[in-house]
Amino acid sequence: MPNGGVAYFSAEFGIDESLPIYSGGLGILAGDHIKAAADLNIPLTGVGILYGKGYFQQRINESGWQQHLYPEVDLEASAYPVRLARDAEDRPVVIRVTLAGRQVHAKAYTVQMGTVTLYLLNTDMDDNGDEDRRLTDTLYPSDPDVRIRQELLLGIGGARLLVALGIQPDVWHLNEGHSAFLALERIRMLSAEGVPFETALEAVKASTVFTTHTPVPAGHDVFSVEMMDRYFGDYYWQLGTDRERVLSLGRLGGAFNMTRLAVSTSSKVNGVSKLHGEVTRDLFHGWTPHIPRQDIPVDSVTNGIHIGTWLAPGIKALYDRHLPSDWAVRTAERDIWTAVRDIPAKELWEAHQQAKSDMAEELGLPIASSGEGPLVIGFARRFATYKRALLIFRDLERLERILRDPNRPVSLVFAGKAHPADGPGQELIRRLVELSREERFKGRVHIVENYAMDKAKKLVQGVDVWLNTPVKPMEASGTSGQKAAMNGVLNCSVLDGWWVEGYNGRNGWAIEGATDVDAEHQARQDSEALYRLLEDEIVPLFYRRDDRAIPTEWVGMMKESICTLAPVYNTHRMVSDYWHKVYVPASARGNRFAADDFEVASRVAAYKQFVRDHWPAVRVRKVEILADHSSRIGLSKTAFRAEIQLGAIWHKDVRVEAVGSDGKQGIWRAKLEQVQQQAKGVYVYEGVSPDIPSHVWRSNVNVRVTPVSPDFASDFEMELAAWG
Ligand SMILES: *Cc1c(COP(=O)(O)O)cnc(C)c1O
């Protein structure tokens, strides 16, 4: 990349337990992303916030209620040195942002991970009033005013910080929508140099990419227009356009939506698993109903985890012994992992027992080690209600029978925090505590307080089975199960997120319950499926031992799990996917749009303006079916002719297609060619459908016109389509 590589913005970074500036999977992913970029020598700079008190520390009181503790983060204790960023003259780098009329100062800290620098902004400075000093105290405040100010600091302040440091990124990567204000700041900077707004927008968009993580609208940050006016009242005009145009970039349902802003200002959007890509297309289709969900330009890059961070020492030693010596830098190659199949079952089993007893000791769990049982099932993650921590407790008698079988005992270990504002999540914890105290579950159900990276490491390394029971499709990806898999821990999960891709029928278990029904019914079906798996498969397999007391079939499954999952669900694979699919194309695009005084950006802006102005006149005037002939038994092809009114728009600037249902979930498209000009601005197009099941095509065929350009990132970049 010619200039400054990739700037990676995230509201949270989980790089080590000693720096508690993350709340869950999003932050861990960001931390693992930058670690992998460092391993792979990818030019990347991280930008985030140093929260003075971090995410809260969890205590659970006698009645089972979560308590929130906010000790100051001890920077001296961080495993990665945290230093003040300094400029060439060795002065601390300080940036300023205006928040509702007040100048707020922020200093920056650096955390170095190999070649990658992570910059973290913090406002706790003498130059600020008390309220502003506290702005960066805690992560994900519930007060929307504090939240928007943090996001202004991250997006606008982060962009200013990079300028102050002399870093000129080729690609700006938004890890979730929290940082999307950075696009406005970049436009403002260009506008100050005299670049017109629409040109600046195109240039910014070309070099911005967005990873969305939240499959439900309720998870997106939304600010009222009044709030936007409060914070941007004196800023809109600095972008070289009017308030309405700026608001239009994020306007959705009467408010300002950060996901919408991120989409409007990015040239590439991706979800974090294949299924999540589809779910996101559905969600965005709701915003632009005239574009079929299949055509919504959202790609996916499935999450992974940083193996070096999450592997148990004993398992790592085993891989060092049995895998090719350079395995740690070639983790994304399948061949590297086939050697796992030849590890003697005894060695793998013993390494796992070691991790299990380390976990028990470290977390104070009364679990006998050295293969004597019990089978330990782990469930640890944020206690968001959609994750259904209590699903396994739906039938208490049945669970009791499973856990208390004297010959084949089973233990459950739970850990997780609920967001301080999430009452229902906290109620789940309280109920869990209550259940764990029932006589029948005593000694069988354990709760580990204050879930964070240190606890997560021990759990994903030391349990036998990793359980995940979200409401499908709410788990965008999930990553804790990937950490477990690398350690030889077997996944038992609803087929959601990454597990739909990872599961192959032999490398763990799928809880195949119900989807698309009411929550109660789904929970009943899912828990029933889970109990059946435990009773019929998981527990019997775990206790089926050979004469050395080794569960050889179980160990065989551990190997299958490692061999098939480790090469794919790691961040080396993930970051190289980002490199090839996202960063390299966006870098080329961004530089092309900016070259020669923004020539391409300004051409695209003018073209879009022209199309937007004349689009209302575009019409599909007539659609005729010319011939309907069977091409093979049960299949037919159909020829179409359509009369299209384009007005002032050139016929080469549109794509005309017949679009129909394929009778399953998908659609077919047939490009029609211009065969004749009928009058000024009116054209005749013709074309033939692909082979379609005869009974299907008639149901629903339409002709659509969309504006296209070789300079668009996708045919639906303008979100325009005329149908007839
Ligand atoms: C990996 C990890 C997560 C993510 O968990 P999922 O529910 O699988 O997404 C959350 N919190 C911590 C501390 C983690 O280490």
Side-chain angles (χ1 to χ4, degrees), residues 1-11 13 21 30 34 37 43-52 75 80-99 101-113 115-129 132-133 135-136 149-175 178-195 200 203-204 207-208 231-232 234-235 238-239 265 587 590-591 594:
M1 291 200 183
N3 299 320
V6 179
Y8 182 89
F9 278 67
S10 181
F13 283 93
I21 55 169
I34 60 175
L44 185 140
T45 303
V47 181
I49 292 179
L50 184 71
Y51 302 96
L75 296 183
Y80 291 89
V82 182
R83 302 201 168 88
L84 258 188
R86 291 177 181 278
D87 64 15
E89 273 90 58
D90 206 37
R91 290 172 311 211
V93 178
V94 174
I95 56 105
R96 284 164 207 84
V97 284
T98 306
L99 301 179
R102 274 207 310 276
Q103 279 255 319
V104 176
H105 303 252
K107 59 195 163 178
Y109 289 90
T110 63
V111 180
Q112 198 64 39
M113 344 240 341
T115 55
V116 170
T117 309
L118 169 60
Y119 290 93
L120 298 168
L121 291 166
N122 180 282
T123 60
D124 190 4
M125 303 175 66
D126 292 340
D127 307 13
N128 293 328
D132 298 331
R133 288 188 80 146
L135 174 60
T136 49
R149 283 181 221 164
Q150 284 192 351
E151 296 189 8
L152 286 157
L153 177 70
L154 176 62
I156 296 178
R160 289 182 186 170
L161 175 70
L162 294 183
V163 169
L165 294 166
I167 297 173
Q168 294 181 302
D170 296 283
V171 177
W172 301 66
H173 187 172
L174 315 180
N175 186 46
H178 306 115
S179 53
F181 288 140
L182 77 80
L184 303 185
E185 175 62 8
R186 290 179 61 206
I187 294 173
R188 189 197 62 79
M189 290 176 185
L190 291 174
S191 177
E193 291 170 21
V195 181
V204 166
S207 53
T208 306
Y231 289 97
F232 287 89
D234 194 36
Y235 188 94
Q238 299 182 48
L239 273 61
T265 55
S587 164
N591 288 306

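Computed from a predicted structure; not experimentally measured.
Leu162 and Ala7 get closest at one heavy-atom pair: CD1-CB, 3.7 Å. The minimum heavy-atom distance linking Val47 with Gly158 is given by the pair CG1-CA, 3.9 Å. Closest approach of Leu174 and Ser179 over heavy atoms only: CD2-OG, 3.6 Å. Considering all non-hydrogen atoms of both residues, Leu182 and Gly155 come closest at CB-O, 3.3 Å. Nearest heavy-atom pair across Arg86 and Pro92 is NH1-CD, 3.6 Å. Residues Ala203 and Ser207 approach most closely at O-OG, 3.3 Å, considering heavy atoms.
Note that CG of Leu153 and CD1 of Ile95 are 5.5 Å apart. Values are rounded to the nearest 0.5 Å. Summarising the geometry, atom CZ belonging to Phe232 is positioned 11.0 Å from atom OG1 belonging to Thr98; distances are rounded to the nearest 0.5 Å. Atom CG in Leu121 sits 12.0 Å away from atom CD1 in Ile156 (nearest 0.5 Å). Here the CG-CZ distance, from Leu239 to Arg188, works out to 8.0 Å after rounding to the nearest 0.5 Å. Note that the CZ atom of Arg149 and the CG atom of Leu99 stand 7.0 Å from one another [nearest 0.5 Å]. Note: Arg160 CZ to Arg96 CZ = 10.0 Å, rounded to the nearest 0.5 Å.
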Evaluate side-chain contact (heavy atoms from CB on, under 4.5 Å) for Thr136 paired with Leu50, printing each intermediate quantity in order.
CA-CA 7 Å; Thr136 49; Leu50 184 71; over 6 Å; no

Would you please test Tyr109 and Leu75 for side-chain contact (heavy atoms from CB on, under 4.5 Å) and show each step?
CA-CA 10 Å; Tyr109 289 90; Leu75 296 183; 3.9 Å; yes

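Using modelled atom types and a 3.5 Å distance limit, the side chains of Arg186 and Thr208 yield a donor-acceptor pair.
Annotation: side chain of Leu165 is in contact with side chain of Tyr119 (closest heavy-atom distance under 4.5 Å). By the 4.5 Å heavy-atom criterion applied to side chains, Tyr235 and Leu184 are counted as neighbours. The shortest side-chain heavy-atom distance between Leu152 and Val97 does not fall under the 4.5 Å cut-off. By the 4.5 Å heavy-atom criterion applied to side chains, Phe9 and Phe181 are not counted as neighbours.
With hydrogens and angles ignored, the 3.5 Å screen pairs a side-chain donor or acceptor of Gln150 with a backbone N or O of Leu135. The closest donor-acceptor contact from the side chain of Asn128 to the backbone of His105 lies under 3.5 Å. When atom types are taken as modelled, the side chain of Lys107 and the backbone of Ala85 share no donor-acceptor pair closer than 3.5 angstrom.
The aromatic rings of Tyr8 and His173 sit perpendicular to each other, their planes meeting at more than 60°, with 30° as the lower class boundary.
Across Leu154, Thr123, Leu120, a single residue satisfies side-chain contact (heavy atoms from CB on, under 4.5 Å) together with Ile49, and that is Leu154.
Ionic pairing of Asp126 and Arg133 is present here: one or more N-O contacts between side-chain nitrogen and carboxylate oxygen are shorter than 4.0 angstrom.
Counting non-hydrogen atoms of other residues, nucleotides and ligands closer than 6.0 Å to CZ of Arg83 gives a total of 12 or fewer. Heavy-atom contacts from other residues, nucleotides or ligands closer than 6.0 Å to CD of Gln168 number 12 or fewer.
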